[in-house]
Amino acid sequence: MPNDVTAVIQRRARELLSSGQVVMLLGYRPGRSSAQPAFITRPEDASLLVFDQSCGPNLAAFLPKVKHLGRIGVVAKGCDSRSIVLLLQEHQLRREDVFILGVGCNGVLQDSRLSDSCQTCQFPNPVIYDELIGEPAAASGQLKAAGGQQSADSGQRWQWFKNEVSRCIRCYACRQVCPSCYCPICFVDTTMPSWVGRTTRLSDNMLFHIIRALHMAGRCVECGACSRACPMAIDLMSLNRKVSQIVKERFGHIAGLRAEEKPPLTVFDPDDRQEFII
Amino acid sequence: MSEMQEFEPRIVAFLCNWCSYAGADLAGISRIQYPPSIRVIRVPCSGRVDPLFILKALQNGADGVLVSGCHPGDCHYLTGNYVARRRFAVLHDLLEFCGIEPGRVSFSWVSAAEGERFAEVVREVTERIRKLGPNRRMNAE
């Protein structure tokens with residue numbers, strides 16, 4: 001029995017595809033344990049679409065890969081819409097490339113529990129859309145300090161960090177699902193020079209995870225796709241939240257809210273705090 | 001190395017061509033003494049320094065890293081050091097969060113006229129790293 005939102009998404013997908021307003025509709029279809037991305041191009045396939053709390057993947061991650069086809073319709077939760085704004089800010093997408101069907105989100109379930117990232121969600125509703133489907137969701141996110149593991153002792157923080165990253169098997173699933181990771185050649189894949197060793201030794205893993213987190217600075221919308229994709233359950237969200245918190249405190253920037261804003265690490269303020277400089 | 005021996009840190013210093021490298025030159029021609037702990041890498045601008053360079057140096061045996069550029073407002077390329085400052089700020093706070101000892105990575109502004117200041121910065125950074133001891137957390141070996 002399809003819920004209301006599902007029914008409206010199906011109907012609008014059919015209309016948009018039949019009228020030729022979009023060439024593809026990017027939405028969700030049922031999967032084995034959670035919903036999976038659906039790339040619908042024929043109006044008659046629109047009935048495959050669903051929307052419920054199992055719809056985890058951040059669909060914005062696919063937009064740079066399919067935008068060459070023409071205008072894409074996309075179903076966007078709060079976090080997905082922020083990713084779209086980020087792509088607009090970084091000129092990876094033009095506004096006219098996408099038709100956004102915004103949906104309020106009550107959080108994504110992972111193993112029938114509310115996903116970690118959704119527990120701290122501040123933006124359950126789309127920040128940009130062409131059409132809002134269903135009712136806006138109530139913001140329920142509790143702000144959580146970046147990493148509950150943040151201990152006062154440097155040695156303990158080190159133990160936590162070591163414990164997390166030493167499990168990494170370097171499958172790069174976190175990168176693959178991330179809407180902010182669109183570089184044609186990732187720094188971990190370069191061979192001349194080979195910046196990051198390919199082994200899973202601690203020092204290579206640390207280098208990878210610190211740089212991955214740095215590349216998220218001012219760019220992570222905290223959708224939690226990386227954490228959910230990680231087969232080793234590494235606490236990637238703590239690192240992401242930390243960099244977001246640093247950027248917010250130092251530069252007053254929150255990722256993916258306004259398309260006309262410049263990415264915070266490409267601009268500066270002459271009066272930026274520099275207490276860390278000798 | 002036995003713990004009894006005095007530990008002599010190996011520090012990689014990324015110096016910008018226009019200010020800090022010239023500052024180091026001035027320290028040299030003025031015969032100012034400072035510890036022989038730094039290995040200088042000349043870069044066009046502090047904005048050229050990617051955090052990856054810093055971590056890579058630590059991974060490959062450096063006990064500490066110093067990045068030094070022109071004072072804010074004096075950048076040869078006008079704004080390179082301002083942008084670098086934002087990047088370093090995030091790196092600095094993140095390394096602290098990850099439990100990499102504070103002080104392993106240092107940043108400073110040294111102009112071409114500040115030979116004495118350059119020597120002072122190197123003394124300070126060397127002392128800091130000497131207190132921390134060899135870099136074991138990030139080192140690949």
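Within every chain, numbering begins at 1; the chains are lettered A, B, ... in the order of the sequence lines, protein sequences first and strands thereafter.
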- Query: Rounded to the nearest 0.5 Å, how far does CG of B:L95 lie from OG of A:S154?
  - Reply: 10.5 Å
- Task: For the pair A:W195 and B:F53, name the ring-plane relationship: parallel under 30°, tilted 30 to 60°, perpendicular over 60°.
- Result: parallel
- Task: Pick one of side chain, backbone, both or neither for A:D153, based on which atoms fall under 4.5 Å of a heavy atom in chain B.
- Result: neither
- Message: To the nearest 0.5 Å, what is the distance between CH2 on A:W160 and SG on B:C98?
- Response: 6.5 Å
- Among residues 168-187 of chain A, residues within the sub-4.5 Å heavy-atom range of chain B, in order of number, are A:F187
- Can you tell if the side chain of A:I277 reaches within under 4.5 Å of the side chain of B:W109, non-hydrogen atoms only? yes
- Item | Neighbours of chain A found in residues 80-94 of chain B - heavy atoms under 4.5 Å | B:Y82, B:V83, B:R85, B:R86, B:R87, B:F88, B:A89, B:V90, B:L91, B:H92, B:D93, B:L94
- Message: Could you check whether A:W158 and B:F97 have their ring centres less than 6.0 Å apart?
- Response: no
- Item | chain B-proximal positions within residues 253-263 of chain A [heavy-atom distance under 4.5 Å] | none
- Could you tell me the separation between the CE atom of A:M206 and the CD atom of B:Q59, rounded to the nearest 0.5 Å? 8.5 Å
- Query: Is there any residue in residues 77-86 of chain A with a non-hydrogen atom under 4.5 Å from a non-hydrogen atom of chain B, and which ones are they?
  - Reply: none
- Option in A:G155, A:P264, A:A213 with maximal non-hydrogen atom pairs under 4.5 Å from chain B: A:P264
- When A:L202, A:V267, A:V165 are compared by non-hydrogen pairs under 4.5 Å with chain B, the top option: A:V267
